[in-house]
Amino acid sequence: MFVRTCSAVILSLFLLSGSAQAQVQLQFQPPQTSFRSLFKVPDPRGEFVRLCAPHMVGRWAHPESVCGCLHDYAAATVEDADLREALLRGISETGVPTIETAWVPASKQSEIGPTFTKIAKPTLQCMFEPATNQ
């Protein structure tokens, strides 16, 4: 009789611990992520070139290198982050340096003209002399 009682107690403890474990597993579900996504770092330059290059096809022999040059040299001369983002947006959407006033805070809209003056030389170098900037 003692053996039956001990067996029943052990069996009930085993069953209870199993259901408690199941409850814990149901409560905590770690996010499902792939191994590759853990090491994937956003690449703003690559995304810019991907968006820009289709606008350059037909205009230039190497659209990716022109877009990369515009990102690395022309846009890099613009110190202000808002103006630089607006310039990159304009290039990636149209294929030419463009800044819409709606893309820039009102306080910085007067700086759009001087920004184009500043990027003129590196932009022309990227478009007509891309080999010297690579």
Side-chain angles (χ1 to χ4, degrees):
M1 178 77 178
F2 180 73
V3 173
R4 284 185 181 175
T5 307
C6 287
S7 297
V9 169
I10 291 173
L11 181 62
S12 63
L13 288 175
F14 180 76
L15 291 174
L16 288 175
S17 69
S19 66
Q21 243 181 355
Q23 287 176 353
V24 170
Q25 287 177 350
L26 290 175
Q27 290 173 356
F28 175 71
Q29 293 290 330
Q32 298 293 327
T33 57
S34 68
F35 181 74
R36 183 177 175 163
S37 68
L38 292 174
F39 295 101
K40 189 174 183 180
V41 178
D43 178 20
R45 183 186 187 276
E47 181 66 12
F48 171 79
V49 171
R50 186 185 70 77
L51 293 172
C52 169
H55 298 289
M56 299 295 186
V57 172
R59 296 181 190 175
W60 310 107
H62 303 286
E64 291 86 7
S65 64
V66 173
C67 290
C69 181
L70 288 172
H71 183 276
D72 296 344
Y73 295 96
T77 63
V78 181
E79 292 93 12
D80 184 77
D82 293 325
L83 290 166
R84 184 174 44 255
E85 286 300 315
L87 176 65
L88 290 171
R89 178 179 175 182
I91 296 170
S92 66
E93 290 182 3
T94 64
V96 294
T98 305
I99 299 177
E100 297 286 333
T101 54
W103 300 342
V104 180
S107 62
K108 296 180 182 178
Q109 289 178 359
S110 63
E111 298 174 36
I112 293 174
T115 298
F116 280 113
T117 302
K118 186 179 246 183
I119 67 163
K121 183 177 179 181
T123 299
L124 291 172
Q125 287 176 332
C126 287
M127 292 182 171
F128 298 105
E129 302 171 17
T132 60
N133 288 323
Q134 299 298 320

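Along the sequence shown, residues are numbered consecutively beginning with 1. The shown structure was predicted, so the numbers you read here are calculated from the model rather than taken from an experiment.
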For the CH2 atom of Trp103 and the CD atom of Glu93, what is their distance to the nearest 0.5 Å? 4.5 Å
Any chance you could measure His71, atom NE2, to Ile91, atom CD1, to the nearest 0.5 Å? 9.5 Å
Taking all non-hydrogen atoms of both residues into account, name the closest pair between Leu51 and Pro54 and its distance. O-CD, 3.5 Å
Would a single hydrophobic cluster contain both Val78 and Leu124, if residues Ile, Leu, Val, Met, Phe, Trp and Tyr are joined by side-chain heavy-atom contacts under 4.5 Å? yes
side-chain contact (heavy atoms from CB on, under 4.5 Å) for Arg45 and Arg50? Distances and angles first, verdict last. CA-CA 9 Å; Arg45 183 186 187 276; Arg50 186 185 70 77; over 6 Å; no
Residues Arg59 and Thr94: closest non-hydrogen pair is NH2-O, 3.7 Å
Looking at CG of Leu88 and OG1 of Thr98, how far apart are the two atoms once the value is rounded to the nearest 0.5 Å? 11.5 Å
Kindly determine whether Leu83 and Lys118 satisfy side-chain contact (heavy atoms from CB on, under 4.5 Å), including the steps that lead there. CA-CA 12 Å; Leu83 290 166; Lys118 186 179 246 183; over 6 Å; no
Which atom pair, heavy atoms only, marks the closest approach of Ile119 to Pro97? CD1-CB, 3.9 Å
Short N-O contact, Arg89 and Glu85, less than 4.0 angstrom: no
Gln109 CD to Glu111 CD distance, which is reported to the nearest 0.5 Å: 10.5 Å
Taking all atoms of both residues into account, what is the closest heavy-atom pair of Pro105 and Asp82, and its distance? CG-OD2, 3.6 Å
Taking Ala75's backbone N and O only, do any of them form a donor-acceptor pair with Arg84's side chain (distance below 3.5 Å, no angle check)? no
Do the side chains of His62 and Cys69 get nearer than 4.5 Å, heavy atoms only? no
Inter-residue atom distance Glu47.CD - Asp43.CG, 0.5 Å rounding: 8.5 Å
Give, for atom NZ of Lys108 and atom CD1 of Ile99, the distance between the pair rounded to the nearest 0.5 Å. 11.5 Å
Write down the atom of Cys67, the atom of Met56, and the distance for their closest heavy-atom approach. SG-CG, 3.5 Å
Where Ala53 and Pro63 come nearest, the two heavy atoms and their spacing: O-CB, 3.7 Å
Hey, what's the ring geometry for Trp60 with Phe128, parallel, tilted or perpendicular (30° and 60° as the breaks)? perpendicular
